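Atom set for the values below is all heavy atoms of this structure, side chains included, hydrogens, waters and symmetry mates excluded. Just so it is clear: chains get the letters A, B, ... in the order the sequence lines come, proteins before strands, and each one is counted from 1. The structure displayed is predicted, hence computed values, not measured ones.
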2 protein chains.
Amino acid sequence: MFEKYVKLLKENSIKITPQRLEILKYLDENRTHPTADQIYTGLKEKNPSLSKTTVYNSVETLEEHGLIQSLTISGSESRYDFRNDMHHHFLCKKCGTIIDIDIKCPNIGKMLESGHKVEEVHGYFKGICKDCMKKETKQNGS
Amino acid sequence: MFEKYVKLLKENSIKITPQRLEILKYLDENRTHPTADQIYTGLKEKNPSLSKTTVYNSVETLEEHGLIQSLTISGSESRYDFRNDMHHHFLCKKCGTIIDIDIKCPNIGKMLESGHKVEEVHGYFKGICKDCMKKETKQNGS
DNA sequence: ATGTTAAATTGTAATGATTACAACTTAGAA
DNA sequence: TTCTAAGTTGTAATCATTACAATTTAACAT
């Protein structure tokens, strides 16, 4: 059940706690880029003793060790992504969905030459997603 | 003094107010990607009646009309950029500076084919800036 | 110039995400 | 099994942002 996450934590010398395992599992199974509050609400029922502070602490630890990624695409709250490989994101301003965009940044070469030490790369696109576009054209009858 | 900004507002059919002119001028002259609070503090002394709500309202209006850009690179607060052309940003985790990176996103072509309607593109790099790197190597004596 | 009105500004209060903190609990090493 | 540093919890504080109602004003028509 949790072997996968136990392994991940062990490999990164992070102390194993039931809360961290639950949070990792939740993020792995919910690739919707949830907020801390959504993680908390999603786990609270089956883990009544869970505290929201623990969610914040845990995602911070997991991010520091590179196990997960945090996104600031929405502006108002952080979102968390189980994927830690480089990819970009698209935020639909209409339905709020955040979609993974599987492209790598071709500018990294230039950045490495700049003299700055680059540790994170975030590519955020914002607009109206494919599905909402379809709905719009249907409504307009055009 | 303010002709440039009067022109900008007129061209975009935005009602001209002293507050909006001051805020635009501040952003033009302070290309440090200031927060709403920094704009407010920077202008408050010479404009004692200025309200922080007005700063928030104004930057929102200016952004909606495409005159300025807002950045969510830091996560905890929005930052505002007088430049509205496409460019990327680098946030130094050590000194907090946000540096303009003059590269365009070569992925836009792919995005246009994706079916999503792209209205905004944000490229955020995070790490340690050139200056802080120099200081670090000096300290280490290496 | 003056009057009119919708829009903008202001100050304060509310909200919402996140952090600080102190008491309690627990994972993992000895 | 014991010990201790680290993790968890709940509550209270903080900080950015938004809501709102009263006042003021930009811009247009007269």
Rounded distance in Å - [atom1] ([X]) to [atom2] ([N]):
X	N	atom1	atom2	value
L43(A)	dT9(D)	CG	C1'	15 Å
H65(A)	dA6(D)	NE2	C1'	12 Å
I14(B)	dT9(C)	CD1	P	11 Å
N47(B)	dT9(C)	CG	P	12 Å
E60(A)	dT8(D)	CD	C1'	14 Å
N57(A)	dA17(C)	CG	P	17 Å
L50(B)	dT24(D)	CG	P	17 Å
I16(B)	dT9(C)	CD1	P	12 Å

Measure the shortest side-chain to side-chain distance between [X] and [Y] over non-hydrogen atoms and say whether it is less than 4.5 angstrom.
X	Y	value
K25(B)	M1(B)	yes
L24(A)	F2(A)	no
F125(A)	S114(B)	no
K4(B)	D28(B)	yes
T72(A)	S74(B)	no
R79(B)	H89(B)	no

Can you pull out the residues from residues 17-42 of chain A that lie within a 4.0 Å heavy-atom distance of DNA chain D? T17(A), Q19(A), R20(A)
Side-chain N or O of S49(A) versus OP1/OP2 of dT9(D): is the shortest distance under 4.0 Å? yes
Does Y56(B) make a side-chain N or O approach to OP1 or OP2 of dT17(D) shorter than 4.0 Å? yes
Regarding Q19(B) and T54(B), is there a side-chain donor-to-acceptor distance under 3.5 Å anywhere? no
Do S70(B) and E63(B) get their side chains close enough for a donor-acceptor pair, meaning under 3.5 Å? yes
Ranking K52(B) and K52(A) by the position along DNA chain D of their nearest nucleotide, the one closer to 5' is K52(A)
Kindly determine whether R83(A) and D102(A) satisfy side-chain contact (heavy atoms from CB on, under 4.5 Å), including the steps that lead there. CA-CA 11 Å; R83(A) 284 180 62 179; D102(A) 280 302; 2.6 Å; yes
With a 4.0 Å heavy-atom cut-off, tell me which residues in residues 68-84 of chain B come close to DNA chain C, sorted by residue number. none
Testing dG7(D), dT9(C), dG10(D) for proximity to the side chain of K15(A), the answer is dG7(D)
